[in-house]
Amino acid sequence: MERSVLLAGVGSPPPTLQPAMAGSENYTDAEVMLRVKAGDQSAFDFLVQKYRRPLVSFMYRMARNTAAAEDLAQEVFLRVYRSRQSYEASAKFTTWLYRIATNLAVNHARDTRKERPEVTLSLDEPDEETGATMDVADAAMSAEEALVRRERLAAIRRKVEALPERQKLAVIMHKYQQMDYKQIADVMKLSESATKSLLFRAYETLREQLKEFI
């Protein structure tokens, strides 16, 4: 039942809310989630539509598997829906959401560590930032420059994947999800200074290991 409720919001038109939530741009995500708690299904659909793509991207960077990323993102929303009655707007909605996502991602990584093959990139794999395939050279790039860029992206992805779990999570949230230190600290239940230290160590490791590409 819950899964069908979730799927109803996937692939539907751009997020809109029922008349009771007209002028949704004036509502915070926490206020929308309180509407979900009160039984407003359209409010839940709105949140699914708003955060589905960022969550799939986040999970893909953790799982390196498209199907697993989709499944994990769906599980996040199922847990959000199941927890609606206990939700309290004491923190930013995104902090609560990504805390659920982080726990799922870490558990999945631990459960599948022995099953995962070495991360590789196919020649026609689309770039996650632009959607373009990397074998199609930019008009301003020579074939050699395009190859170097592709090798650099592949190396970065491998090195990020190889970071210790907490460092990898912090880098993904900071670099790819554009979350600030405070948001990451809240999600990971760290102080801001500890978060900055964690990211500093991660970026220093990456800088050292990627010297030939910098």
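Source: prediction; values computed, not measured.
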Report task. For Lys159 and Glu208, run side chain to side chain contact (heavy atoms under 4.5 Å, CB included): C-alpha distance rounded to whole Å, both residues' side-chain angles, the deciding distance at 0.1 Å, then the answer. Result -> CA-CA 10 Å; Lys159 296 305 181 183; Glu208 177 63 27; over 6 Å; no

Query - side chain to side chain contact (heavy atoms under 4.5 Å, CB included) between Leu206 and Ile156, intermediate numbers included - result: CA-CA 8 Å; Leu206 292 174; Ile156 290 171; 6.0 Å; no

Report task. Evaluate side chain to side chain contact (heavy atoms under 4.5 Å, CB included) for Tyr203 paired with Lys175, printing each intermediate quantity in order. Result -> CA-CA 10 Å; Tyr203 286 135; Lys175 174 69 175 175; 3.8 Å; yes

**Report entry** CA sep, side-chain torsions, deciding dist, call: Phe44, Val48, side chain to side chain contact (heavy atoms under 4.5 Å, CB included)
**Finding:** CA-CA 6 Å; Phe44 179 68; Val48 171; 3.7 Å; yes

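Hydrophobic clustering, with ILVMFWY side chains joined whenever heavy atoms are under 4.5 angstrom apart, keeps Phe93 apart from Val56.
If you take CG on Leu104 and CG on Asp71, they are separated by 11.0 Å, rounding to the nearest 0.5 Å. For the atom pair Lys189 NZ and Thr95 OG1, the distance stands at 11.5 Å (nearest 0.5 Å). In this structure, OH in Tyr27 is found 11.5 Å from CG in Leu34, a value given to the nearest 0.5 Å. Here the CD-CE distance, from Glu88 to Met33, works out to 10.5 Å after rounding to the nearest 0.5 Å. Between the CD1 atom of Ile184 and the OG1 atom of Thr195 there is a distance of 7.0 Å, given to the nearest 0.5 Å. Distance CG/Leu97 to CZ/Arg79: 12.5 Å, rounded to 0.5 Å.
The closest side-chain heavy-atom distance from Leu47 to Val80 is not below 4.5 Å. A 4.5 Å side-chain heavy-atom check between Phe58 and Leu169 finds at least one atom pair inside the cut-off. The closest side-chain heavy-atom distance from Tyr60 to Asn65 is not below 4.5 Å. Looking only at side-chain heavy atoms (C-beta outward), Gln74 and Leu55 stay at 4.5 Å or farther from each other. You'll find the side chain of Ser90 stays beyond 4.5 Å of the side chain of Trp96, heavy atoms only.
In the model, Tyr51 has a side-chain atom that pairs as donor or acceptor with a side-chain atom of Asp29 under 3.5 Å. Arg201 and Ser197 share a donor-acceptor pair across their side chains, judged by distance under 3.5 Å alone. In this structure, a donor-acceptor pair under 3.5 Å is present between the side chains of Gln41 and Asp45. There is no side-chain donor-acceptor pair under 3.5 Å between Gln183 and Tyr98.
In this structure, Asp40 and Ser42 approach most closely via the heavy-atom pair OD1-OG, 2.7 Å. For Val187 against Thr102, the heavy-atom pair with the smallest separation is CG1-OG1, 3.5 Å. In this structure, Met59 and Ala101 approach most closely via the heavy-atom pair CE-O, 3.2 Å. Met62 and Ala105 get closest at one heavy-atom pair: CG-CB, 3.9 Å. Annotation for Ser57 and Gln177: closest pair OG-OE1, 4.0 Å, computed over non-hydrogen atoms. Across all their heavy atoms, Arg166 and Met188 have their closest contact at O-CE, 3.6 Å.
Ion pairing between Lys168 and Glu165 holds under the 4.0 Å rule for side-chain N and carboxylate O. Salt bridge status for Arg157 with Glu161: absent, with no side-chain N to carboxylate O gap under 4.0 Å. Salt bridge status for Arg207 with Glu204: present, with a side-chain N to carboxylate O gap under 4.0 Å.
Lys92 NZ: 12 or fewer foreign heavy atoms inside a 6.0 Å radius.
Checking side-chain atoms of Glu31 against main-chain N and O of Thr28 turns up a donor-acceptor pair under 3.5 Å. When atom types are taken as modelled, the side chain of Lys37 and the backbone of Tyr87 share a donor-acceptor pair closer than 3.5 angstrom.
Every residue was checked against the side-chain hydrogen bond (donor to acceptor under 3.5 Å, both in side chains) condition with Arg99, not counting sequence neighbours, and none meets it.
A cation-pi arrangement is present between Arg84 and Tyr81, with the terminal nitrogen or guanidinium carbon under 6.0 Å from the aromatic centre and inside a 45° cone about the axis.
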